[in-house]
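Hydrogens, waters and symmetry mates are skipped; everything else that's a heavy atom, side chains included, is used. First the proteins, then the strands, lettered A, B, ... as listed; each starts at 1. In this text, all values refer to a predicted model and were calculated from it rather than measured experimentally.
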There are 2 protein chains.
Amino acid sequence: MDDRVDLSILAEVSRDPRATLAQLSERVGLGVSAVQARLRRLESEGTIAGYRAVLDPEAVGRPLSAFIEITPLDPSQPDNAPELLEHLSEIEACHSIAGDAAYILFVRVAGPRDLEALIREIRLSASVSTRTTVVLQTFYENRPIAL
Amino acid sequence: MDDRVDLSILAEVSRDPRATLAQLSERVGLGVSAVQARLRRLESEGTIAGYRAVLDPEAVGRPLSAFIEITPLDPSQPDNAPELLEHLSEIEACHSIAGDAAYILFVRVAGPRDLEALIREIRLSASVSTRTTVVLQTFYENRPIAL
DNA sequence: TCTGAAAGGCTACTGAG
DNA sequence: CTCAGTAGCCTTTCAGA
């Protein structure tokens, strides 16, 4: 399912999703039609889940980011925290994890006041306790996959 | 710097970076030329830092992800861990954080054996101790910004 | 700074080998 | 998968408000 050429296309598309078929064709060393067919397959199979622009968090008014680990207050209750929190747009990611907490969230906010408000909202919405780790500096993120 | 129209363009481009100027123009309610000019500015200013394809981690052979908190073994030594670890392509993100540890990494690997090897490599490369939290399930990530 | 139009280039797509 | 041919759209530019 993932031969050498597919991986090459994925790496290239990951790095520059706006490239034209002709450009990809050249970089990958395959005919345009072949690249087109593979790209379609990769998209319809879900290997390529979508495309995103990477925005400067500061420029869009979200200079502060943090990790928030959450733990249900009452373990006997049904736990659908990810669903309950999905509407909060400040939450960029939600994973369930092994370890002390049940989930870890990655969030982006405008500042400390917004972070406090968000934490309160999370506690109320999902009936959880939280443990927040503020990000001081981001050295890199969203790195494309390597060949 | 970020008026209503810019944010609208950013939200749209964030969701669908492969849209043409004509499509963006229609969705944003602005002439093609105006959208083009704004887009160029947003790109050259760095507000749009780049474009990425979102790949299915399983399909590209990285079904296991984890957070790794790292702490320098010798606090008196100069600390340039992010630089020392940059060459490890399994590391997708690196943040410095407030709290017990100095940094937190987000990594993607093929399986437990690879995770163990990566952790060893990190400890050696950067002279740090590590604390790893395995991700069990990812409910969402890379969510685009909202208006 | 935006709109609108015009032109040319290039793109995606298809079908045959 | 490659190679072409075609139709259509896209980017770019420029003048004007």
Side-chain angles (χ1 to χ4, degrees), chain A residues 1-63 110 142-147, chain B residues 1-62 89 110 142-147:
Chain A
M1 182 226 231
D2 264 346
D3 64 351
R4 208 62 131 288
V5 182
D6 274 359
L7 283 179
S8 174
I9 291 177
L10 289 172
E12 207 48 54
V13 149
S14 175
R15 221 175 41 91
D16 179 16
R18 304 209 312 175
T20 65
L21 290 179
Q23 290 172 319
L24 287 178
S25 165
E26 193 177 0
R27 294 173 199 169
V28 168
L30 210 66
V32 174
S33 303
V35 171
Q36 183 179 220
R38 281 172 184 262
L39 209 50
R40 269 212 263 259
R41 179 174 49 77
L42 290 170
E43 282 174 348
S44 70
E45 279 175 352
T47 302
I48 299 177
Y51 302 93
R52 291 283 124 89
V54 181
L55 306 182
D56 176 12
E58 306 203 8
V60 297
R62 302 275 178 91
N142 292 319
R143 298 212 298 177
I145 71 161
L147 269 170
Chain B
M1 184 227 236
D2 264 345
D3 64 350
R4 208 59 133 288
V5 181
D6 275 359
L7 282 178
S8 174
I9 291 177
L10 289 172
E12 208 47 54
V13 150
S14 174
R15 221 175 40 92
D16 179 16
R18 305 208 312 172
T20 65
L21 292 177
Q23 289 172 319
L24 288 178
S25 165
E26 192 177 0
R27 294 174 197 169
V28 168
L30 210 65
V32 174
S33 306
V35 172
Q36 185 183 37
R38 281 173 182 261
L39 208 51
R40 271 210 260 258
R41 178 174 51 76
L42 290 170
E43 282 174 348
S44 69
E45 281 175 351
T47 302
I48 300 176
Y51 302 92
R52 290 283 123 90
V54 181
L55 306 182
D56 176 12
E58 306 204 7
V60 297
R62 303 274 177 91
S89 67
N142 292 319
R143 299 212 298 176
I145 71 161
L147 269 171

- Query: Nearest heavy-atom pair of A/Asp56 and B/Gly46: which atoms, and what distance?
  - Reply: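 Answer, listing the atom of A/Asp56 first, then B/Gly46: CB-O, 3.4 Å.
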Worksheet item: What is the nucleic acid contact for B/Ser33, judged by heavy atoms within less than 4.0 Å: base, sugar-phosphate only, or nothing?
Response: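 Counting heavy atoms under 4.0 Å across all strands, the contact made by B/Ser33 includes a base.
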| said: Below the 4.0 Å mark, does C/dT1 have OP1 or OP2 next to a side-chain nitrogen or oxygen of B/Arg38? | reply: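 It does not, given that no N or O in the side chain of B/Arg38 lies less than 4.0 Å from OP1 or OP2 of C/dT1.
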Original post:
With respect to the phosphate group of C/dA12, does any side-chain polar atom (N or O) of A/Arg40 fall under 4.0 Å of OP1 or OP2?
Top reply: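 No, no such contact exists.
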Please state how far atom CG in B/Leu39 lies from atom P in D/dT12, giving the value in whole angstrom units.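 Those two atoms, CG and P, are 10 Å apart.
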_Rounded to whole Å, please give me the gap between CZ in A/Arg41 and P in D/dC1._
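Answer to the nearest Å: 8 Å.
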Side chain of [X]: nearest nucleotide among [options]?
X	options	value
A/Thr20	D/dT12, C/dT1, C/dA12	C/dA12
B/Leu30	C/dT11, C/dC2, D/dT2	C/dC2
B/Gln36	C/dT1, C/dT14, D/dT11	D/dT11
B/Val32	D/dT12, C/dT1, C/dA12	D/dT12

Open item on the list: Between B/Ser25 and B/Leu30 (side chain of the first, backbone of the second, donor and acceptor by atom type, cut-off under 3.5 Å), is there such a pair?
Closed with: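 Indeed, once roles are kept as given, a pair shorter than 3.5 Å links the two residues.
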Between the side chain of B/Arg52 and the main-chain N/O of A/Pro17, is any donor-acceptor distance below 3.5 Å?
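It does not hold such a pair.
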* Neighbour count above 12 (heavy atom, 6.0 Å) for A/Gln23 CD ->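 It does: A/Gln23 CD has more than 12 such atoms within range.
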